[in-house]
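First up is the structure itself, then whatever we jot down about it.
In listed order, ligands and their atoms are each counted from 1.
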Amino acid sequence: MAFPVADRFKRLPPYLFAEIDKKKKAALAAGHDVINLGIGDPDTPTPKVIIDALTQGAADAATHQYALDNGDPVFRKQISAFMQKRFGLEMDAETEIYPTIGSKEALANFTFAFVNPGEIALVPEPCYPVYRGATYFAGGVPLYMDLKAENDFFPDFDAIDPRDAARAKVLWLNYPNSPTGKLATKAFFEQAVAFCKKHGIILAQDAAYTEMYFDAKAISVFEIPGAKDVAIEFHSCSKTFSMTGWRVGWACGNKELIAGLGRMKSNVDSGIFTAVQRAATVALQHYDEIVPPLMGMYKKRRDTFCNGLRAFGWNVRPPEGTFYTWIPIPKGYTSSQVTMKLLEEAHIVTVPGNGFGAPGEGYIRATLTVPEDRLALAVERIKKLKW
Ligand SMILES: Cc1ncc(COP(=O)(O)O)c(C=O)c1O
């Protein structure tokens with residue numbers, strides 16, 4: 001008997017990483033010292049104060065039942081206070097904030113809540129694949145906006161055909177941007193809000209990396225007056241507090257958009273373990289002790305890696321935010337070829353840029369999630385390669 005999966009999977013682009021996974025396993029099996037710059041997952045453990053809060057919460061029987069509705073009110077109030085302190089924003093804890101199981105499910109569930117079959121989602125490329133995948137699953141049509149170095153990795157709204165804009169339901173943005181490491185400027189977010197208002201489009205901003213910035217502070221789209229008329233923003237505790245496995249974040253913004261997301265979620269999940277919500281509350285309360293030292297660590301890694309590569313002519317722009325480096329590759333090679341060469345000859349795992357969408361061809365992505373000495377070693381190995 002055969003049980004083929006639903007046809008919706010056929011619309012997804014092919015999985016580009018299978019060959020890399022195979023080669024990585026082979027290098028490890030052969031005993032090579034593999035430096036993994038492939039995954040976007042912090043290598044430092046979750047801070048103890050957060051773990052202690054989870055342990056305490058787990059011991060309290062009051063956390064053991066379904067965490068229904070729109071989450072723990074104490075967590076929502078803490079998020080509201082955080083949005084005020086960090087960005088100077090007023091967010092109503094009851095109607096404008098919704099705790100989520102990390103941001104990934106929220107990006108997908110939001111799409112199911114708002115995108116009808118045949119409707120367009122404007123999706124930046126290269127990008128985190130969920131905007132594209134969820135649009136396909138919802139029966140929507142992704143329309144891509146290229147993020148190019150010459151446009152500072154911002155989409156060009158003037159290049160969007162007004163007929164497409166008229167059919168679009170949602171515009172996806174992600175700043176600080178994965179994989180390019182670019183921060184949004186106020187002027188860019190102003191343009192995006194104006195574009196969405198003009199065409200009656202939802203602005204969905206993936207803010208998973210807003211707390212990962214190096215020099216200038218990353219901003220929220222809600223710092224733009226009137227953004228709440230059209231926008232929703234997705235935040236995450238994952239990278240900020242080294243909590244990727246915990247699955248906790250929040251959406252905030254326009255009440256109607258928050259209510260729609262909540263309606264979808266109440267049909268597919270039953271909330272976040274209350275002890276995890278309590279631990280995330282403690283994480284936000286301890287932000288000032290936890291986050292600046294972590295970002296100091298990533299900054300040193302960034303400088304070691306990017307300055308190291310630049311010293312022998314690899315023209316990488318140090319990221320302004322996130323822990324990704326977006327590296328233009330040597331001429332005459334494809335992204336996949338460079339990824340393979342790094343893996344086979346230097347035992348370094350990276351990701352080919354085209355894995356994030358066609359405009360990523362010509363780049364590889366390397367993540368700063370190994371200690372500084374390992375990044376220095378990676379630089380030494382890359383320096384020795386012959387092209
Ligand atoms: C751009 C971007 N958005 C969202 C996520 C999802 O993160 P989480 O679901 O852990 O919050 C990731 C994870 O790597 C990401 O890179």
Side-chain angles (χ1 to χ4, degrees), residues 17 36-44 46 50 71 75 79 82 97-111 121 123-135 142 145 147 153-155 170-184 203-213 218 220-221 232-252 261 265 268-269 271-273 276-277 279-280 283-284 291 294 298 319-326 349-351 353 355-357 359-360 363 365-369:
F17 306 131
N36 190 352
L37 310 183
I39 43 167
D41 203 344
D43 56 317
T44 52
T46 307
I50 304 173
F75 183 34
I79 294 167
F82 170 76
I97 289 171
Y98 205 106
T100 60
I101 309 171
S103 54
K104 187 176 189 179
E105 63 87 359
L107 306 173
N109 280 319
F110 175 74
T111 306
V123 173
E125 265 196 335
C127 71
Y128 185 57
V130 175
Y131 325 131
R132 181 195 302 122
T135 302
M145 309 176 290
L147 304 184
F153 300 115
F154 293 130
V170 56
L171 166 79
W172 284 103
L173 294 177
N174 163 224
Y175 292 98
N177 183 258
S178 166
T180 68
K182 180 74 194 156
L183 294 195
L203 198 170
Q205 143 68 3
D206 176 355
Y209 295 97
T210 38
E211 306 321 308
M212 304 196 88
Y213 55 83
S220 161
V221 75
I232 183 166
E233 201 166 64
F234 300 90
H235 290 253
S236 176
C237 295
S238 285
K239 322 283 165 128
T240 309
F241 299 108
S242 300
M243 290 175 76
T244 45
W246 295 56
R247 314 312 304 136
V248 59
W250 67 90
C252 58
L261 170 67
K265 280 176 61 58
V268 295
D269 70 59
I272 310 161
F273 182 23
V276 168
Q277 297 190 63
L284 289 175
V291 181
L294 266 179
Y298 286 122
E320 298 170 348
T322 77
F323 48 24
Y324 301 114
T325 57
W326 188 234
V349 182
T350 57
V351 181
F356 303 96
Y363 291 85
R365 190 189 82 175
T367 310
L368 303 169
T369 45

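Summary of contacts: the protein heavy atom closest to atom 2 (C) of ligand 1 is D206 OD2, 3.4 Å. Looking only at heavy atoms of the protein, atom 10 (O) of ligand 1 is closest to S238 OG, 2.6 Å. The closest protein non-hydrogen atom to atom 7 (O) of ligand 1 is S103 OG, 3.4 Å. Closest protein heavy atom to atom 14 (O) of ligand 1: K239 NZ, 2.6 Å.
Between the side chain of E233 and the backbone N or O of A207, no donor-acceptor pair lies under 3.5 Å. At least one donor-acceptor pair closer than 3.5 Å links the side chain of T325 to the backbone N or O of A366.
When each of N36, T369, T244 is checked for a side chain to side chain donor-acceptor pair (under 3.5 Å) with D41, only T244 meets the rule.
Distances from ligand 1 to the non-hydrogen atoms of Y209 include at least one value under 4.0 Å. For the pair T244 and ligand 1, no heavy-atom separation below 4.0 Å is found. Distances shorter than 4.0 angstrom occur between a heavy atom of R247 and an atom of ligand 1.
Judged as a side chain to side chain contact (heavy atoms under 4.5 Å, CB included), and not counting sequence neighbours, the contacts of A251 are T100, I232, F234, I258, L261.
Interface of S236 with ligand 1, defined as ligand atoms under 4.0 Å from a residue heavy atom, comprises 8 (P), 11 (O). Each of the following atoms of ligand 1 lies closer than 4.0 Å to a heavy atom of N174: 1 (C).
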Report the C-alpha separation of T44 and S242 in whole Å, then their side-chain angles, then the decisive distance to 0.1 Å, and conclude whether the side-chain hydrogen bond (donor to acceptor under 3.5 Å, both in side chains) test is met. CA-CA 7 Å; T44 52; S242 300; 3.1 Å; yes
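Only side-chain heavy atoms of A208 come within less than 4.0 Å of ligand 1; its backbone N, CA, C and O stay farther off.
When all heavy atoms are compared, the tightest approach of T240 to L294 is O-CD1, 3.5 Å.
When only interatomic distances are considered, the shortest N/O to N/O separation between Y131 and ligand 1 does not fall below 3.5 Å. Considering backbone and side-chain atoms together, K104 places an N or O closer than 3.5 Å to an N or O of ligand 1.
With respect to the salt-bridge test (charged N to carboxylate O, under 4.0 angstrom), the residues R132 and E125 qualify.
In this structure, the side chains of Y209 and S178 come closer than 4.5 Å at one or more pairs of heavy atoms.
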